[in-house]
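Here's the structure we're looking at; comments come further down.
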Amino acid sequence: MKTIFVTGGAGYIGSHTVLLLLESGYRVKIYDNLSNSHLEAVKRIERLSGKSVEFIEGDIRDTDRVANALQGSSAVIHFAGVKAVGESVSNPLKYYDNNVLGTIELLKAMKQSEVKKMIFSSSASIYGNPQYLPIDEQHPINPTNPYGRSKFMLEQILRDIYDTNRGYSFGILRYFNPIGAHPSGEIGEDPQGIPNNLLPFITQVASGKLDKLRVFGNDYDTPDGTGVRDYIHVMDLAEGHLRMLEKLDDNSFDIYNLGTGRGYSVLQIIKTFEKVNGINIPYEIVSRRAGDVPVSYADVSKAQKELGWRAKRGLEDMCKDAWRWQLKNPKGYRSSM
Ligand code: NAD
Ligand code: UDP
């Protein structure tokens with residue numbers, strides 16, 4: 001049985017992927033500093049899967065600790081990192097330190113332990129303002145903030161390592177907008193403080209924690225004037241990692257977009273959420289958020305063709321599952337403390 005080393009495995013996307021790995025017969029070691037997650041997520045993954053996970057609390061910048069923990073692993077899925085675009089503008093060093101330096105230390109530890117396979121969480125934000133749609137993997141790269149730049153720097157670093165060292169295998173996954181939760185409502189997204197992203201904001205308005213949603217602009221060149229994004233169910237995203245893991249061989253470098261290939265506007269999201277959950281979402285239109293692109297959605301044909309993967313869950317499932325998680329866990333993982 002293969003052991004997969006999952007950095008950031010207690011986090012949002014990591015926890016759903018770990019659950020799927022366990023259900024698919026892999027052994028898993030989670031390495032996470034819990035800076036944006038809770039041990040409770042790991043307990044719930046164990047409960048849902050009926051299997052145990054080895055959890056190591058630590059920072060990816062602690063090279064020796066990572067190298068020790070990596071022993072016996074056959075591949076790394078690297079989710080650990082910080083991800084708030086706005087914060088990356090106000091505190092760029094935090095992003096270069098945690099994401100870029102952190103990944104470099106992880107790569108050094110992998111070299112020491114002779115683990116040569118990695119799946120890396122990249123982001124559609126590296127494309128910047130789309131020059132054409134849908135966005136394929138050949139689209140020019142032009143990140144507009146330090147977060148996006150940290151992801152692109154890392155893609156280049158991985159490419160350089162691949163080019164000069166035999167036997168490495170990297171799978172770079174550029175996520176579009178992951179939302180939703182496991183259908184059990186036991187694991188999901190648990191943002192700290194006031195959420196930045198649309199769906200967690202909507203679920204907190206639905207629960208009465210926040211009074212209304214602010215829609216950032218209705219004067220974009222889109223059918224209803226609000227921003228359009230490619231939302232993907234986190235379980236579909238997790239399945240993409242499984243397909244990628246199966247494809248990693250002893251010498252490969254691949255990049256894939258993971259999205260649905262469809263864009264929905266903010267107003268479409270609000271309407272769908274209201275319809276499937278029978279809840280009213282009060283909102284007001286405010287001015288555009290600085291740095292937002294009008295429209296973004298993926299060309300996912302490469303992942304379909306080469307990974308045999310495509311997103312199966314629709315927007316209604318995403319909205320229902322996000323709401324079930326919020327209802328069962330009004331204070332996120334803190335609800336069970
Ligand atoms: P998350 O914050 O829920 O998970 C990240 C996990 O990494 C957390 O558990 C956190 O405690 C851990 N972590 C952070 N820094 C660490 C460090 N230095 N050492 C050890 N652990 C550390 O985020 P997520 O939404 O699950 O995102 C996972 C990855 O996917 C991130 O790299 C993120 O940039 C990328 N990504 C996320 C999105 C999104 O919208 N959620 C979109 C594109 C890409
Ligand atoms: N959005 C919004 N109000 C919010 C949060 C987001 O109108 O409180 C809009 C945002 O302008 C964008 C879409 O919802 O058009 C998705 O935003 P999110 O931050 O979730 O993802 P990203 O902008 O990073 O793609």
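Atom set for the values below is all heavy atoms of this structure, side chains included, hydrogens, waters and symmetry mates excluded. Start at 1 and go down the list; that is how both ligands and their atoms are numbered.
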- In ligand 2, the atoms that come under 4.0 Å of a heavy atom of N196 are 5 (C), 19 (O)

- Query: Any nitrogen or oxygen of F79, main chain or side chain, under 3.5 Å from a nitrogen or oxygen of ligand 1?
  - Reply: yes

- Item | Parallel, tilted or perpendicular, as decided by the 30° and 60° cut-offs, for the rings of F253 and F170 | perpendicular

- Do other residues, nucleotides or ligands put more than 12 heavy atoms under 6.0 Å from the CD atom of Q138? no

- Which of the atoms of ligand 2 are close to D292, meaning less than 4.0 Å from one of its heavy atoms? 10 (C), 11 (O), 23 (O)

- Just distances here: any N/O of V266 and N/O of ligand 2 closer than 3.5 Å? no

- Does the N or O separation between D32 and ligand 1 drop below 3.5 Å for any pair? yes

- Message: Please determine whether the number of non-hydrogen atoms from other residues, nucleotides or ligands lying under 6.0 Å from atom CD of E284 exceeds 12.
- Response: yes

- Flag the pair E274 and K271 as a salt bridge only when some basic side-chain nitrogen lies within less than 4.0 angstrom of an acidic carboxylate oxygen. no

- Message: One residue to check: E189. Relative to ligand 1, which of side chain, backbone, both or neither has a non-hydrogen atom less than 4.0 Å away?
- Response: neither

- Value for CG (L307) from NZ (K302), rounded to nearest 0.5 Å, stands at 8.5 Å

- Contact atoms of ligand 2, heavy-atom distance to N177 under 4.0 Å: 21 (O), 22 (P), 25 (O)

- Task: Below 4.0 angstrom from a heavy atom of V215, which ligand 2 atoms are there? Numbered from 1 as shown, please.
- Result: 7 (O)

- Query: Is the shortest N/O to N/O distance between Y31 and ligand 1 below 3.5 Å?
  - Reply: no

- Query: Is I13 in polar range of ligand 1, meaning some N or O pair under 3.5 Å apart?
  - Reply: yes

- Message: Which option wins on minimum heavy-atom distance to atom 20 (O) of ligand 2: L213, V205, L198, V286?
- Response: L198

- Query: Measuring from the heavy atoms of Y147, does anything fall under 4.0 Å of ligand 2?
  - Reply: no

- Query: Salt bridge or not for R27 and E54, using N-O below 4.0 Å?
  - Reply: no

- Item | Per-atom contacts, ligand 2 versus R289 - under 4.0 Å to a heavy atom | 10 (C), 17 (O), 18 (P), 19 (O), 23 (O)

- State whether the shortest distance between N or O atoms of I60 and N or O atoms of ligand 1 falls below 3.5 angstrom. yes

- Close N or O approach (D59, ligand 1; < 3.5 Å): yes

- Has ligand 1 got any nitrogen or oxygen that is less than 3.5 angstrom from a nitrogen or oxygen of S122? no

- Quick one: is the NZ or CZ of K2 closer than 6.0 Å to the six-membered ring centre of Y26, and within 45° of its axis? no

- Query: Under 4.0 Å from any heavy atom of Y147, which atoms of ligand 1 are there?
  - Reply: 33 (C), 34 (O), 35 (C), 36 (N), 43 (C), 44 (C)

- Query: For ligand 1, does N98 get within less than 4.0 Å through its side chain, its backbone, both, or neither, judged by non-hydrogen atoms?
  - Reply: side chain

- Under the 3.5 angstrom rule, does the side chain of N218 hit a backbone N or O of T226 as a donor-acceptor pair? no

- Message: Counting only heavy atoms not in R310 (residues, nucleotides, ligands), do more than 12 fall under 6.0 Å from its CZ?
- Response: no

- Query: So H182 and H16, would you call those rings parallel, tilted or perpendicular, with 30° and 60° as cut-offs?
  - Reply: tilted

- Would one find more than 12 heavy atoms of other residues, nucleotides or ligands at under 6.0 Å from atom NZ of K111? no

- Note on the structure: Here the atoms of ligand 1 under 4.0 Å from any heavy atom belonging to L34 are 11 (O)

- Query: Knowing that exactly one of V42, I77, T17, L22 qualifies, which makes a side-chain contact (heavy atoms from CB on, under 4.5 Å) with V28?
  - Reply: L22

- Item | atom 18 (P) of ligand 2 [closest protein heavy-atom partner, distance rounded to 0.1 Å] | N197 ND2, 3.5 Å

- For ligand 2, is there an N or O atom under 3.5 Å from any N or O atom of L199? no

- Close-contact set for ligand 1 against S35 heavy atoms, below 4.0 Å: 10 (C), 11 (O), 13 (N), 14 (C), 15 (N)

